[in-house]
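Shown next, in C-alpha cells, is the structure this report addresses.
For the numbers below, each heavy atom of this structure counts, side chains included, while hydrogens, waters and symmetry mates do not.
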Protein chains: 2
Amino acid sequence: MSSKVNTREKLIETASKLFETKGYYATGLNEILIESGTPKGSLYYHFPKGKEQLALEAINSAGEKIKSKLESILNSNINPVDAIISSIEHIATLIDNDQKIKDMSISLIALETYLTSEALRKACEEIFTSLGSIYAKKLINSGINENDAYKLGDVIAAMIEGGMTYSLIKKSGKPLRLIAEQTPKLLNITSMETKQSN
Amino acid sequence: MSSKVNTREKLIETASKLFETKGYYATGLNEILIESGTPKGSLYYHFPKGKEQLALEAINSAGEKIKSKLESILNSNINPVDAIISSIEHIATLIDNDQKIKDMSISLIALETYLTSEALRKACEEIFTSLGSIYAKKLINSGINENDAYKLGDVIAAMIEGGMTYSLIKKSGKPLRLIAEQTPKLLNITSMETKQSN
DNA sequence: GTCTATAATGAGATAGAC
DNA sequence: GTCTATCTCATTATAGAC
C-alpha cells in the first residue's frame, strides 16, 4: 500500500479543485502542497515541469469528471430536451447550495491560460469540444440530424458555460434556470423541422 | 496641461486592458506601471488602496465601454433580431482578427475575483445585469412584453458570454457564429407568441 | 502631485540528504 | 521515492526626497 500512485493522484485532485475554484494564478504551489499534505520535493519528482504540468493533468482530470457527470445526468432522462433541462437545473442547484465551482466548469482556468500556454489551451479546447459532442449525441439519439445536432450541441454547451459564469457572479442559480426555461425553443424548432419531413 | 487627470486615466486604461486580457492575478502592478509609463509612487497616490482599487475602476471603465459599444451596434439595426445577430457576429469577427479580449468581456476578471473580493464581484454583477437589460430593452422596443424581454435579455447575454469563452479558447469566431445562427429561434417564438394575440 | 529606493512577503523552482 | 533547506525572482506596498 505505497503512496506511489496516491501522492500523484492526491496532488492532481487537490490542484484540480483549487485551480477550478480559485484559478491558476491565484493558487500557489504551496497551497496545493499544504492542502494535500505533500512535501515540495515530491511534487517536482512527479511533475518535473512544475506548475504547468500539474495544471495540465488537473485540467484533464476535471474534464473527465465533468464529462462523465454530464453523461450520467443526460442518460437518466430519455427525452433529450428534458435531459438537457435537468442537467442545467442540476448545476443551478449546486450553485445555490455551494457558492463555487466544483466539477462544473473549466472556464476560469481556460480564460486564464489560453494566451500563455498552448498546452493548457489545447486541453481546455478538447474538453469544450467534448461537452458539445455529448449534448449533440443526446440530440442525435432523438432523431435530430447530425449536422444540426452538432451545431446545437456547441450552442448549448457555450450557453451553459456562460450561464454558469452569470450564476456564480450573481450568486444565484436563477440565470441558469432562465436558460433551462428557454432551451426548449432552441431544440424544438430543429426537431420539428426534421420531423416535418417525415 | 498637467497630468493630474491623465495619469489617473492612463493607469485605469492600461490596467483595464491588461486585466481583461491576461487577468487580475497574472497582471503585475509593475507591468501596468511600465506599460503606462507611470512611476509606482503615482499609482499609490491616486489609488491608496492599491491593486484592488485600481481593478475596481478598471472594471467599471471596461464595463462602460462594453455597454456603450453594444448599444451603438444594437441601435444601427431597427430589427432587434438582426441587431442582436450582428452584435454577435461583430464580436466573432474581432476574435478572428485579433486573438484576445479587448472591450468585449469581463468574464475572466469576474471569475477570478468573485470569491475573494465582494467589491469587485458586485461591480461585475452590475455590468452583467446591465448587459442583459440592454438586450432586453431592444426587444421591448419591438413589441415583446417586458417580462419575456428581460428573461430573454439575460439568456442572450449569458449565451454570448459563453460563446466568447468558447471562441477565444478555440481561437475561432465559429462558436459565436453558431450562436448567432440559432438566436432567431430563441427570439422568434416569443415574438410570435406576443403577436399571435393581436 | 511626482518619483525613487527599498522593504517585506510569497512565489516557483532546485539541490542534495535520506 | 521522499523530504527539507534554500535559492532566485517577482510581487504588493511603503517611506521619504523633491
Should we count NZ of A/Lys17 as having more than 12 external heavy atoms under 6.0 Å?
->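 No, not enclosed.
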How far apart are the C-alpha atoms of A/Ser117 and A/Glu52, what are their side-chain angles, what is the distance that settles it, and do they pass the side chain to side chain donor-acceptor pair (under 3.5 Å) test?
-> CA-CA 8 Å; A/Ser117 165; A/Glu52 186 179 354; 2.6 Å; yes
Write down the distance between [atom1] ([X]) and [atom2] ([N]), rounded to a whole number of angstrom.
X	N	atom1	atom2	value
B/Leu54	D/dT11	CG	C1'	15 Å
B/Leu33	D/dT12	CG	P	9 Å
B/Phe47	C/dT2	CZ	C1'	15 Å
B/Gln53	D/dT14	CD	C1'	16 Å
B/Tyr45	D/dG16	OH	P	19 Å

Give the intermediate values and the outcome of side chain to side chain contact (heavy atoms under 4.5 Å, CB included) for residues B/Leu11 and B/Phe47.
-> CA-CA 10 Å; B/Leu11 276 170; B/Phe47 307 95; 3.8 Å; yes
Are any protein N/O atoms closer than 3.5 Å to N/O atoms in nucleotides 9-13 of chain C? If there are, list each pair with its distance.
unit_1: C/dA11; atom_1: OP2; unit_2: A/Asn30; atom_2: ND2; d: 3.0
unit_1: C/dG12; atom_1: OP1; unit_2: A/Leu29; atom_2: N; d: 3.4
unit_1: C/dG12; atom_1: OP1; unit_2: A/Lys51; atom_2: NZ; d: 2.9
unit_1: C/dG12; atom_1: OP2; unit_2: A/Leu29; atom_2: N; d: 2.5
unit_1: C/dA13; atom_1: OP2; unit_2: A/Tyr44; atom_2: OH; d: 2.9
unit_1: C/dA13; atom_1: OP2; unit_2: A/Lys51; atom_2: N; d: 3.1
unit_1: C/dA13; atom_1: O5'; unit_2: A/Tyr44; atom_2: OH; d: 3.2
unit_1: C/dA13; atom_1: N6; unit_2: A/Lys40; atom_2: NZ; d: 3.0

Going through the checks in order, is the side chain to side chain contact (heavy atoms under 4.5 Å, CB included) test met by A/Leu131 and B/Tyr166?
-> CA-CA 11 Å; A/Leu131 293 176; B/Tyr166 260 68; 4.1 Å; yes
Under-4.0 Å side-chain N/O to phosphate OP1/OP2 contact, B/Thr7 with C/dG1 =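 Answer no for this pair, as no side-chain N or O of B/Thr7 is under 4.0 Å from OP1 or OP2.
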Contacts table for residues 168-179 of chain A: side-chain donor-acceptor under 3.5 angstrom, sequence neighbours left out:
unit_1: A/Lys170; atom_1: NZ; unit_2: B/Thr129; atom_2: OG1; d: 2.9
unit_1: A/Ser172; atom_1: OG; unit_2: A/Lys174; atom_2: N; d: 2.9
unit_1: A/Arg177; atom_1: NH2; unit_2: A/Asp96; atom_2: OD2; d: 2.3

Does the side chain of B/Ser105 come under 3.5 Å of the side chain of B/Glu20 through a donor N or O and an acceptor N or O?
-> no
